[in-house]
Each structure stands twice: as C-alpha cells, then as structure tokens.
Amino acid sequence: MDSGRPHERSTAFDRMLTPVHRWIWSDAERRVQKLLRFGETETDGGRDILRAAEVTSDPLLRRLYLEHAIDEFRHGVLFRDRAAALLSVDRSRSNQGFQGEWLAPGGHGLDDLRVDGESDHTMLAFLHLSEKAAASRFAVYHNVMQHDPPTRAIFEGILHDETFHMNYTLTQLTRVAPQRHRRHLWRARLSRLWKTYLRLATALAGILGSILLTIQYFILLPPFAWLAKRAERRELSGWTPVSPESSGSLDEQY
Ligand SMILES: [Fe+2]
Ligand SMILES: [Fe+2]
C-alpha cells in the first residue's frame, strides 16, 4: 500500500535511544535475531488484522483491514528473507546475548491486540497508536542502518506502509466516531502506557531477581558451606564401633 505522504517523525524518546539502537543493530547476529522476531510480529499482526476484517460489519473497514493484513504479511516475509540472506552470508559469528527487546521491541506492539470483542472505534484507536509507534521506531532503525543498505531499504519501504496504516486508521476512527475519537485515542494511549509499564516492570523484576540471587549465592551460601565443611571434618571416617548400650536387642522393635 502506498501512502504518498511524508514519513512519521520519530518520537523524542525513540530519538534519544538512537545510540542504543545503533549498537543493537551493529552486530550481524543480533540483526538476524531481531529481523526474525520482527518477521514473526508482523505476520502475527497481519493474522489479527485479518481477523478484524472478518468481525467488522463495516464494508469499507473490511476492505482496508484486508489490504492492511496483506501489507503486514508482506513485511513479515521481507524481514524473514533478509534475515535468511544475512544468515547465509555470515554463519560464523554468534552473539546470542543482549537483544534489547524491551528497548527495541518488534515494531508495532500489535502482539497486545485482542480482536474479538473489540468495537470498530477501539480497534482503530489501538491500531492507529500501534502503527504510529511502529513508524516512529522504523524511522530510527532506518537512520541507524547506514552500514547495511539492503536492510535499510527494507525499513524504508515498510516505513512507507506503516505511515499509511497510521493515517488511514486515524481517518477511519474520525469517520466512525466523529465526536468521541479523541476520547478513544486517550483511552488507547493509557492502555498502551499501562502495558509498557508492565513490560518495563517485568524486565526490571528480572534484572533485580538476578542481582538478588547472585548476592544470596555469594553472601548467604558461604557460611552454610563453611559449617558443612567443619561438620564433615569432625566426622570419623570409615566404620566406627557402636557402644553396647546404644545397640539394643535385635529381637525387639524398640
Ligand atoms: Fe508492518
Ligand atoms: Fe503496519
């Protein structure tokens, strides 16, 4: 789908994280992992939007959702094909470590989408914000991908589509809810904010959990290890004679 409109500018937050994104995308293996994950997210998003096309009763929205779903499936294929091409070029290097997933998540956040039970306006508000976020991030990824022109070209093309998705969802939201579209957008914004908080809190909890377990390992375990070693030293090795008093008759139970 071609928007013919200028691209969305990145948000200040995404621009602030540009050095982090540059570092994440600089490694070939990390790039492959991220492209594969992006491919998965785009395809899953396309599947959900296809479901949205099935459940909406609005004929125009159904047509737009279908075209949108086709775009997302195509993005998924583009990301996967690029990951496969990078893999075939360089199989020797490996860096499975930090992927910065919570800093550079896979595009849309469409993974949070629950289609069934959503009305057209809540669906459009959610889609608009997701596409806006995707356009902002893809603009940054496009900027930091100077060292990899083929991947950069893919982001360029996809960014164009995401900008169209962002614009058509807002236009349609204004059409289906002319009086209340701003309220729907704010509600969707708060919902995204809450989900972002949960994602960050989960990541932070994981980091704190690792730190606490490491501290426990090095501070709490050594005294127990020392006590166990001391007890072991006091134990006599081999068979030891038992005093007659403590060895009762074998004819009785006690
Ligand atoms: Fe997409
Ligand atoms: Fe999109």
Side-chain angles (χ1 to χ4, degrees), residues 1-11 14 21 25 31-56 58 60-84 101 104-115 118 120-145 148 150-174 184-185 188-189 191-192 195-196:
M1 234 189 256
D2 195 340
S3 68
R5 296 196 197 190
H7 294 159
E8 167 70 358
R9 247 172 75 82
S10 309
T11 61
D14 283 332
H21 293 306
W25 288 96
R31 202 151 64 234
V32 169
Q33 296 297 331
K34 290 208 79 67
L35 287 170
L36 286 172
R37 200 158 306 135
F38 279 21
E40 218 172 280
T41 310
E42 295 283 326
T43 306
D44 285 350
R47 211 170 286 133
D48 288 333
I49 294 164
L50 199 59
R51 176 71 188 140
E54 282 175 355
V55 299
T56 184
D58 186 313
L60 176 58
L61 279 185
R62 185 172 303 124
R63 193 173 65 78
L64 285 164
Y65 284 160
L66 277 175
E67 289 191 42
H68 188 162
I70 291 167
D71 278 351
E72 302 301 356
F73 285 130
R74 189 165 45 78
H75 297 167
V77 173
L78 284 170
F79 280 135
R80 274 196 301 279
D81 285 354
R82 182 62 195 142
E101 193 49 32
H108 295 81
L110 281 180
D111 44 336
D112 293 332
L113 186 58
R114 300 282 174 272
V115 176
E118 293 285 349
D120 282 342
H121 46 263
T122 53
M123 181 75 193
L124 285 165
F126 179 90
L127 280 178
H128 170 68
L129 296 178
S130 301
E131 299 293 338
K132 197 177 162 84
S136 164
R137 275 189 217 120
F138 286 161
V140 174
Y141 301 159
H142 172 257
N143 281 342
V144 301
M145 211 62 73
D148 183 350
T151 309
R152 190 168 198 253
I154 288 171
F155 276 118
E156 166 90 42
I158 290 179
L159 178 56
H160 213 62
D161 289 344
E162 306 302 10
T163 308
F164 173 77
H165 299 159
M166 178 187 89
N167 291 331
Y168 99 79
T169 43
L170 183 61
T171 308
Q172 293 306 310
L173 176 61
T174 315
H184 293 311
L185 280 175
R189 237 173 238 133
S191 163
R192 275 181 72 86
K195 281 170 185 160
T196 305

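The shown structure was predicted, so the numbers you read here are calculated from the model rather than taken from an experiment. Start at 1 and go down the list; that is how both ligands and their atoms are numbered.
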task = Would you please classify the geometry between the His21 ring and the Tyr141 ring as parallel, tilted or perpendicular, with 30° and 60° separating the classes?
result = perpendicular
query = Taking atom types as modelled, is there a side-chain donor on His160 or Glu156 under 3.5 Å from an acceptor on the other?
reply = no
request  = Determine whether Leu124 and Leu61 make a side-chain contact, defined as any pair of heavy atoms from C-beta on separated by less than 4.5 Å.
outcome  = yes
query = Which distance, rounded to the nearest 0.5 Å, do you find between the OG1 of Thr11 and the CZ of Arg137?
reply = 8.0 Å
ask   = Would you say Asp71 has an N, O or S atom lying under 2.8 Å from the Fe ion (ligand 1)?
value = no
query = So, Asp161 and the Fe ion (ligand 1): N/O/S under 2.8 Å, yes or no?
reply = no
query = Within Glu162, is some N, O or S atom less than 2.8 Å away from the Fe ion (ligand 1)?
reply = yes
task = Starting from the Fe ion (ligand 2), look over the N/O/S atoms of His165 and name the nearest one.
result = ND1
message = Under 2.8 Å from the Fe ion (ligand 2), can any N, O or S atom of His75 be found?
response = no
message = Rounded at 0.5 Å granularity, tell me how far OG1 in Thr171 sits from CE in Met166.
response = 9.5 Å
inquiry  = If I take atom CG from residue Asp120 and atom OG1 from residue Thr122, how far apart are they, to the nearest 0.5 angstrom?
reply    = 8.0 Å
task = Quick one: the OE2 of Glu131, the Fe ion (ligand 2), OE2 of Glu72 angle, rounded to 10°, please.
result = 90°
N/O/S atom name from Glu42 that is nearest to the position of the Fe ion (ligand 1) = OE1
